[in-house]
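We name chains A, B, ... by the order of the sequence lines, and we start the count at 1 in each one.
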Protein chains: 2
Amino acid sequence: MRQRIESGYWRQGDKISTIEELEKEFGMARVTIRQAIEILREEGLLAARQGRGTFVLELPKEKHWFNLANDLESHAEKVRDNLLRIVNIQEAAPLPVIHDDEGSPASGYTHIRSVQYNDDGPFSVVNLYLSSEIYSRDKKRFTRQPALPRILEMKDIKIRHAFQTVTIGVAGLETSELLKVGLGEPTADSRLVLVDDAGVVIYVAEFHYHRNCFSLRRDLLGGSKAGRAPRRRNV
Amino acid sequence: MRQRIESGYWRQGDKISTIEELEKEFGMARVTIRQAIEILREEGLLAARQGRGTFVLELPKEKHWFNLANDLESHAEKVRDNLLRIVNIQEAAPLPVIHDDEGSPASGYTHIRSVQYNDDGPFSVVNLYLSSEIYSRDKKRFTRQPALPRILEMKDIKIRHAFQTVTIGVAGLETSELLKVGLGEPTADSRLVLVDDAGVVIYVAEFHYHRNCFSLRRDLLGGSKAGRAPRRRNV
DNA sequence: CTCAATTTGTTCGTATGTATG
DNA sequence: ACATACATACGAACAAATTGA
């Protein structure tokens, strides 16, 4: 029923199907349907009036405010001033998973696990494997600020590829606790792999975004940078 | 536990924590942990040996084989020969949701709801709103084949924008039945809006992909078309 | 070889939440 | 409001296999 409201199948002000119709449509018992309506009523989406029917009050507010950037520069710019909390650092970490076609592994990696916050709470959990050589250049900053802008600032490092893979994952035990979502809830997972001009993988990050924050907007014509104005703000 | 295997926290051949340790880690009872292990054992991911421990047998096979294209041409090419089953066509459909910054609505739309199949079953449910003018040019083909390649073939139509928005949604009642997933399971939702050179929105499609199929790969440097070789195949 | 510690396997009764009619 | 059914989770006890001192 929530999906029907969000998708516009039921529009604002509409009278939705009666409970008896819904019983048949969803194949559930009257009590169960009423429980569902009760939940949406408390959220302010529906209003039920005895003898008249049930009506759509308002559309849920726009979520998906975190719009993923479409190029590396603006991605770095967005996260530059993010608040993050380091959960764990492991200097001699096991090698991250690197596929053959991505590049060759560096000699060693430091594993940094952190949580990114905004005013509403955590919106992203990050597992970062950073080439030990780069990490050791400025340990202090890497433990306080997002790594990506720091790396782009290093003049001697030329980045040849920035492979990004976006998939849908599920929150495991650790991630769900850090992101404050239920175990098994879906997350938007973005894997970012930076390869330098020697073909060495210097940075592997797995971002787990809260599904309600995440969106990716682009214009499939005229380059990837187009994209319209963001609905709320960028981070 | 599945996530720990997929993420590499437990590697192939490793002995995982004992049931008693897992009880404490996950805060669950012995029987529950065993049920979970049993599920992964049946899937062939784990092997439990009495008196010795439980071991990781193999990594789950690569899923995410459907890689979303990064430009309109190749997107159309990918779907050109897809098998699709029309579920519903409504010629005088209510206007789709169009945002102000996208363009102005056409005079009327035809709503086409279809399911896309591959050998393994349905992998995508599509809600398409097609400008009635364009639909009426070749009703037969639009009810049999994907619309996008047909539109690109029409020489008199110049497409100025192809706005794509990717988010994570949940399968509602209809979608979950068509996609053969559970109610409330997450889906990858891609909204594609085509705007012609007069600023008219001629095409609005919502794709709901099965979460296990979906991935989006690109290189954030050197244009959006880069991307590595797909792991299995493209559709 | 034996014994104790470790670890998985099995079973019992019980409680809770959800859905049914 | 009530009786029923079902899936899931709990806690405890005991059985069986493995390992190493």
Begin from the C-alpha positions of Arg113(A) and Asn127(A) and carry the test side-chain hydrogen bond (donor to acceptor under 3.5 Å, both in side chains) through to its verdict. CA-CA 5 Å; Arg113(A) 171 172 260 252; Asn127(A) 264 314; 3.3 Å; yes
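- His111(A) and Asn88(A) form no side-chain donor-acceptor contact under 3.5 Å, judged by distance and modelled atom types alone.
- What separates CD1 of Ile33(A) from P of dG21(C) is a distance of 12 Å, to the nearest Å.
- When only modelled atom types and interatomic distance are considered, Ser17(B) and Glu25(B) share a side-chain donor-acceptor pair under 3.5 Å.
- Two residues are said to be in side-chain contact when any heavy atoms from C-beta on lie closer than 4.5 Å; Leu173(A) and Arg4(B) meet this criterion.
- One interatomic measurement links the two molecules: CZ of Arg49(B) to P of dT18(D), which rounds to 7 Å at whole-angstrom precision.
- Between Val31(B) and Ser17(B), the residue anchored closer to the 5' end of DNA chain C is Ser17(B), taking for each the nucleotide with the nearest heavy atom.
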Listing time: all N or O pairs from protein to nucleotides 15-17 of chain D that are below 3.5 Å?
| unit_1 | atom_1 | unit_2 | atom_2 | d |
| --- | --- | --- | --- | --- |
| dA16(D) | N3 | Gln50(B) | OE1 | 3.0 |
| dA17(D) | O4' | Gln50(B) | OE1 | 2.8 |

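- Atom pair Leu46(B):CG and dT7(C):C1' shows a separation of 15 Å (rounding to whole Å applied).
- Under the rule for a salt bridge (charged side-chain N to carboxylate O under 4.0 Å, His left out), Glu21(A) has no partner lying at least two apart in sequence or in another chain.
- For Thr54(B), no side-chain nitrogen or oxygen approaches OP1 or OP2 of dT7(C) to under 4.0 Å.
- Look at Gln35(A) and you won't find any side-chain N or O under 4.0 angstrom from OP1 or OP2 of dT18(C).
- Using modelled atom types and a 3.5 Å distance limit, the side chains of Arg217(A) and Asn70(A) yield no donor-acceptor pair.
- For the segment residues 18-29 of chain B, the set of residues with a heavy atom within less than 4.0 Å of an atom of DNA chain D comprises Gly27(B), Met28(B), Ala29(B), in numerical order.
- With respect to Arg30(A) and Glu23(A), a salt bridge is recorded, a charged nitrogen being found less than 4.0 Å from a carboxylate O.
- Atom pair Arg34(B):CZ and dG11(D):P shows a separation of 17 Å (rounding to whole Å applied).
- Using a 4.5 Å cut-off on side-chain heavy atoms (C-beta onward), Leu46(A) and Phe55(A) make no contact.
- OP1 or OP2 of dT20(C) has at least one side-chain nitrogen or oxygen of Thr32(A) nearer than 4.0 Å.
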